[in-house]
**Student:** 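This is the structure I have questions about; it appears just below.
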Amino acid sequence: MDEHHAHREAPASNLSAALARITEAYSPRTVARVNDYEVRVARLQGAFDWHEHTRTDEFFMCLSGEFVLQVQLDTGLEEIHMGVGDIFVVPKGVKHRPVAKDVAEVLLFEPADTINTGD
């Protein structure tokens, strides 16, 4: 087997354990890295700040609870209701914010240098 196809051992991550260590809402934790992207988990509660990412899309997957992803489009405000298993990609340059009445947990997939408060 050539070295480009060699199997590399990597530590396994458990999403439930990673989420259990999060004590503050909207403080994402990186659980894995895929090339130049990071897989992050976060706990949501209340409304986050409006923000946008001018260089990248942002992937959301609801792991537990439910929340509303508010996005500001040219046609006005749209609310995407997210429940367990739902996914949504916010296109780059679109202002958005998650709002969770109760605690919700999410998985995010975005470039490693992405700041959660936007550009």
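Every heavy atom of this structure was used, including side-chain atoms; hydrogens, water molecules and symmetry mates were not. Just so we're clear, the structure is a prediction, and the values are computed from it rather than from any experiment.
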**Student:** Got a sec, which residues hit side chain to side chain contact (heavy atoms under 4.5 Å, CB included) with Asn35, two or more places apart in sequence or on another chain?
**Tutor:** none
**Student:** I need the minimum non-hydrogen distance between Glu58 and Leu108, along with the two atoms involved.
**Tutor:**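 Closest approach of Glu58 to Leu108, heavy atoms only: OE2-CD2, 4.2 Å.
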**Student:** How about Phe48 and Tyr26: are their ring centres within less than 6.0 Å of each other?
**Tutor:** yes
**Student:** Does atom CG (Asp36) have a neighbourhood of more than 12 heavy atoms from anything else shown, all under 6.0 Å?
**Tutor:**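 Not more than 12 within 6.0 Å, no.
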**Student:** Filter on salt bridge (charged side-chain N to carboxylate O under 4.0 Å, His left out), then keep only pairs touching residues 14-30, sequence neighbours left out; what's left?
**Tutor:** none
**Student:** In chain order, what residues pass the side chain to side chain contact (heavy atoms under 4.5 Å, CB included) check against Ala20, with sequence neighbours excluded?
**Tutor:** none
**Student:** Are any non-hydrogen side-chain atoms of Arg40 and Val106 less than 4.5 angstrom apart?
**Tutor:** no
**Student:** Under the rule for side chain to side chain donor-acceptor pair (under 3.5 Å), what residues qualify as partners of Asp102, not counting sequence neighbours?
**Tutor:**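 Result, side chain to side chain donor-acceptor pair (under 3.5 Å) vs Asp102: none returned.
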**Student:** Tell me the closest heavy-atom pair linking Arg97 and Asp49, and the distance in Å.
**Tutor:** CB-O, 3.6 Å
**Student:** Which residues pass the salt bridge (charged side-chain N to carboxylate O under 4.0 Å, His left out) test with Asp74, not counting sequence neighbours?
**Tutor:** none
**Student:** Other members of the hydrophobic cluster containing Val99, with the 4.5 Å side-chain heavy-atom rule, please.
**Tutor:**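 Cluster partners of Val99: none, it stands alone.
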**Student:** Filter on side chain to side chain donor-acceptor pair (under 3.5 Å), then keep only pairs touching residues 77-86, sequence neighbours left out; what's left?
**Tutor:**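 Side chain to side chain donor-acceptor pair (under 3.5 Å) check on residues 77-86 returns Gln70-Glu79.
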**Student:** Look up atom CD1 in Ile80 and atom NE2 in His96, then write down how far apart they are to the nearest 0.5 Å.
**Tutor:**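 One finds 10.5 Å between CD1 of Ile80 and NE2 of His96.
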**Student:** Supply the members, apart from Met61, of the Ile/Leu/Val/Met/Phe/Trp/Tyr cluster built from side-chain contacts under 4.5 Å; use none for a lone residue.
**Tutor:**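 In the cluster with Met61 are Leu15, Leu19, Ile22, Val31, Val34, Tyr37, Val39, Val41, Phe59, Leu63, Ile87, Val89, Leu107, Phe109.
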**Student:** Only counting residues at least two apart or in another chain, list the ones meeting side chain to side chain contact (heavy atoms under 4.5 Å, CB included) with Lys95.
**Tutor:**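 Partners of Lys95 by the side chain to side chain contact (heavy atoms under 4.5 Å, CB included) criterion, ordered by chain and then number, come out as Trp50, Glu52, Gln72.
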**Student:** Where do Leu69 and Met82 come nearest, in terms of heavy atoms and distance?
**Tutor:**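 For Leu69 and Met82, the tightest heavy-atom pair comes out as CB-CG, 4.4 Å.
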**Student:** Is it true that Val103 and Val68 fall in one hydrophobic cluster, defined by side-chain heavy atoms closer than 4.5 Å?
**Tutor:**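 No; tracing contacts between hydrophobic side chains, which count when under 4.5 Å, never links both residues.
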**Student:** Could you pull out all residues at least two apart from Arg33 that satisfy salt bridge (charged side-chain N to carboxylate O under 4.0 Å, His left out)?
**Tutor:** Glu38
**Student:** Pair Val71, Leu77 - check side chain to side chain contact (heavy atoms under 4.5 Å, CB included), show working.
**Tutor:** CA-CA 6 Å; Val71 294; Leu77 178 68; over 6 Å; no
**Student:** Does either side chain, that of Glu110 or that of His53, offer a donor lying less than 3.5 Å from an acceptor on the other one?
**Tutor:** no
**Student:** With sequence neighbours left out, what residues match Arg43 under salt bridge (charged side-chain N to carboxylate O under 4.0 Å, His left out)?
**Tutor:**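 Checked Arg43 against salt bridge (charged side-chain N to carboxylate O under 4.0 Å, His left out); matches are Glu105.
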**Student:** Just how far is it from atom CG of Leu44 to atom SG of Cys62, taken to the nearest 0.5 Å?
**Tutor:**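 That separation rounds to 8.0 Å.
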